[in-house]
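Inspection log for the structure reproduced underneath, given as structure tokens.
To find a chain, count down the sequence lines: A is the first, B the second, and so on, and within it residues start at 1.
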4 protein chains.
Amino acid sequence: MTDKNTDKRTALLSATLDLVSNHGFHNAPMAKIAKLADVSAGTIYNYFSNKQDLVDSLYLHIKNEFTNAAFQGYDEEKPVKEGIKLIWFNMIEYKMANPKQANFLSQCEDSQIVSASVREQALEHLQPLLNLWERGQGKGVIRDVSPYLLYAYMVYPLSFFVAVKKRDEFHLTSEMQQHSFEMAWSAITIK
Amino acid sequence: MTDKNTDKRTALLSATLDLVSNHGFHNAPMAKIAKLADVSAGTIYNYFSNKQDLVDSLYLHIKNEFTNAAFQGYDEEKPVKEGIKLIWFNMIEYKMANPKQANFLSQCEDSQIVSASVREQALEHLQPLLNLWERGQGKGVIRDVSPYLLYAYMVYPLSFFVAVKKRDEFHLTSEMQQHSFEMAWSAITIK
Amino acid sequence: MTDKNTDKRTALLSATLDLVSNHGFHNAPMAKIAKLADVSAGTIYNYFSNKQDLVDSLYLHIKNEFTNAAFQGYDEEKPVKEGIKLIWFNMIEYKMANPKQANFLSQCEDSQIVSASVREQALEHLQPLLNLWERGQGKGVIRDVSPYLLYAYMVYPLSFFVAVKKRDEFHLTSEMQQHSFEMAWSAITIK
Amino acid sequence: MTDKNTDKRTALLSATLDLVSNHGFHNAPMAKIAKLADVSAGTIYNYFSNKQDLVDSLYLHIKNEFTNAAFQGYDEEKPVKEGIKLIWFNMIEYKMANPKQANFLSQCEDSQIVSASVREQALEHLQPLLNLWERGQGKGVIRDVSPYLLYAYMVYPLSFFVAVKKRDEFHLTSEMQQHSFEMAWSAITIK
DNA sequence: CATGAATGAGAATTCATTCAT
DNA sequence: CATGAATGAATTCTCATTCAT
């Protein structure tokens, strides 16, 4: 029974992800979500209190998944560069392997579709990276600038790759990933 | 008479910009746009054929404004670094001075609210920067990578500053702008 | 449950019929239809995909009802004159007993309010009459002319009676019906 | 100057006719009419007090044109059959030569697009035919039935030919016209 | 008279949400 | 819990008509 519940919840989140990332937040009406999840429209409200809650929940879910992936295999003992490299490649790998999720996250960053409060919550997940940067700054490796700047040059560009990839303009080969990491690393480190 | 026409058109574009950048594409119904522009709802359709056309027009208008600002004072004789620096600071200056416009552009990049065809049109405006990169690559200054990568590390991060600034989390001081440019420059150049 | 569904659908068709036949196709907005059917405006779209579909469905429904009435008691063994007489009186009886339906059909014949494809569909129902005419022609009773001509003089005039009756200018008594049939019969037969 | 006035009025009537007969009464907005007449939207209201007046005027104009054509060459001295034949062929000729007008009239007969009062006015034009029928009845040639019946079998069927012709289903050849007249004549006369 | 931008009521349609079954 | 018909407010867009120029 619990499984079934979980199944429906998951199916709804998944359907929402599909629709929003493929057709935009508008063009993702509850009726379509329900149909795609193979569930009745009314059932949604047994799992989510309203559409905002559904979207917020999806955002949190994916953000969590993403951060878990990002820190996969990472521990705080690792040398700074190795840690950064691991995290960076984890991130790009997740985004390439999960384009819908990546696209959804991008859409959420710049728009108002996710509640402000929820977006703030999600920031906390990033703490290990903040710590790592701080450690790197202590060691004189990472530039002594606001984490916002570090984020802007290490993490944020990844969204761009997803956006253009989605429009089939561009595909990031693994060689390009290497270059891209070098560029990120050059940006955030002291030469 | 021409003035009046231009006025209303401009007022409508401006109202759309206000609403979309402050409250998102949804929550920007035509009725609100009309009211904010101090115009009757039906009047919108004297200037734009439908909502998509209104949004597309706004996008093109702003993109054009942005690119004009970006290339202000630039000529192709300039040394590579000087040119890049000029363009980069032009861009950040425009975005800081015009947060609504900047925010609107960000929203458009990752979502489906602007027509694909219009977004493609807008790309052409970037040509001078592409040429400059190529020149820099020819001189062995700029990394020999896809312009997508160069864009991702030189231009794209600017959007992030706007996004967080909007949420009052962060303000990019002029010192930070200096650092930020150095980071961008490090990313795209051969050390 | 099925009853309720059918009820609402029927109520909507009936309301549409009322409004269109009494006030014309324009002056039959969806809101009025809904109100007359004692149903919410949005409910219409649970039963019909749009206004065109609603009108088309109504047309098919009535045309079907009309043709059923027309061929009531008819079988292909009947002598030609008897068959024609039966059908003709069935038709006039239906139209007199159902002036709204008759009027609606008239409105549809000459205007663009019903989809071309649907109007074509409806033609098939007339097949038995075409067969009967052919049989009559084979026997040298019915004029050897295009069925369009036969239709024009046997069936089409009935619409006129409905049109004028509706404006209270004229009522077709049963004696007149007799005369009218004789006129139709004279028109389509070889003297 | 008077010519110009007349020109614009005529152009507007003509544009209305075009649009209504080709695309139906709905799909004939004032703006389109104005554009097709090469006139400003506001100008319409210098010639007609509103849309209803425009349509009514068009109806009267065409009905008048039609009746003039119908009685072309007719005088009350003519023998009954000759008179009827002349009028009948005048009518069919007009309708075949002026399909838009014919179609417009058909649309008006069965719908509510023309004011009731105006439709009544138009009936008066038919007086000479009523007189002719009466004369024929006096002579024992024409059936002694209501003029409504005579109209239904002599005049009304012509509308049908126009309706089907418009849909390209059928074309009335001159041989068919002969047959059709014979059918009409058989219908309305005493054998 | 002519223009055509402006109006705003009203049209068709959508959609998040509710609730009886 | 699940259903899905029903709701009605909200949305986009149309259109007859007006009026300042």
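- The interatomic distance linking C/Lys35 (NZ) with E/dA12 (P) rounds to 14 Å, in whole Å.
- One interatomic measurement links the two molecules: OH of D/Tyr45 to P of E/dG4, which rounds to 16 Å at whole-angstrom precision.
- Rounded to an integer number of Å, the gap from CD1 of B/Ile33 to P of F/dT12 is 7 Å.
- A sub-4.0 Å separation between OP1 or OP2 of F/dA2 and a side-chain N or O of A/Lys8 is present.
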Could you summarise the pairing of DNA chain F as dot-bracket text, marking Watson-Crick and G-U pairs under 3.5 Å with ( ) or [ ] inside the strand and | across strands?
.||||||||||||||||||||
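- Within the structure, salt bridge (Lys or Arg N to Asp or Glu O under 4.0 Å) contacts touching residues 39-64 of chain D (residues at least two apart or in different chains) are D/Lys63-D/Glu109.
- Counting heavy-atom neighbours within 6.0 Å of A/His23 NE2, excluding the residue itself, gives a total of 12 or less.
- Put simply, the side chain of B/Ser115 reaches to within 4.5 Å of the side chain of B/Gln52, judged on heavy atoms.
- In this entry the distance linking CD1 of A/Ile44 with P of E/dC19 reads 17 Å, nearest Å.
- For the pair C/Leu54/C/Leu13, a side-chain contact is recorded, criterion being any heavy-atom separation below 4.5 Å from C-beta on.
- Residues D/Ser159 and D/Leu105 form no side-chain contact, since every pair of their non-hydrogen atoms from C-beta on lies 4.5 Å or further apart.
- Taking atom CG on B/Leu12 and atom C1' on F/dC13, their separation rounds to 15 Å, with Å as the unit.
- The residue among B/Lys51 and D/Asn50 whose nearest nucleotide of DNA chain F is located toward the 5' end is B/Lys51.
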Between the protein and nucleotides 8-10 of chain E, are there any N/O to N/O pairs under 3.5 Å, and if so, what are the atom names and distances?
{"residue": "E/dG8", "atom": "N7", "partner": "B/Ser40", "partner atom": "OG", "Å": "2.7"}

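- Taking side-chain N and O atoms only, D/Tyr47 has a distance below 4.0 Å to OP1 or OP2 of E/dA2.
- Between the P atom of F/dT12 and the NE2 atom of A/His26 lies a distance of 11 Å, rounded to the nearest Å.
- Counting heavy atoms from C-beta outward, D/His26 and C/Phe25 have side chains that approach closer than 4.5 Å.
- Here the P atom of nucleotide E/dA2 and the CG atom of D/Asp7 are 11 Å apart, to the nearest Å.
- At least one side-chain heavy atom of B/Tyr45 sits under 4.5 Å from a side-chain heavy atom of B/Met30.
- In this structure, the CG atom of B/Asn46 is 6 Å from the P atom of E/dA6, given to the nearest Å.
- For the side-chain contact (heavy atoms from CB on, under 4.5 Å) test with B/Leu58, the passing option among B/Val20, B/Leu12, B/Thr16 is B/Thr16; the others fail.
- Comparing E/dT7, F/dT12, E/dT17 by their nearest atom to the side chain of B/Val39 picks out E/dT7.
- Counting heavy-atom neighbours within 6.0 Å of A/Asn27 CG, excluding the residue itself, gives a total above 12.
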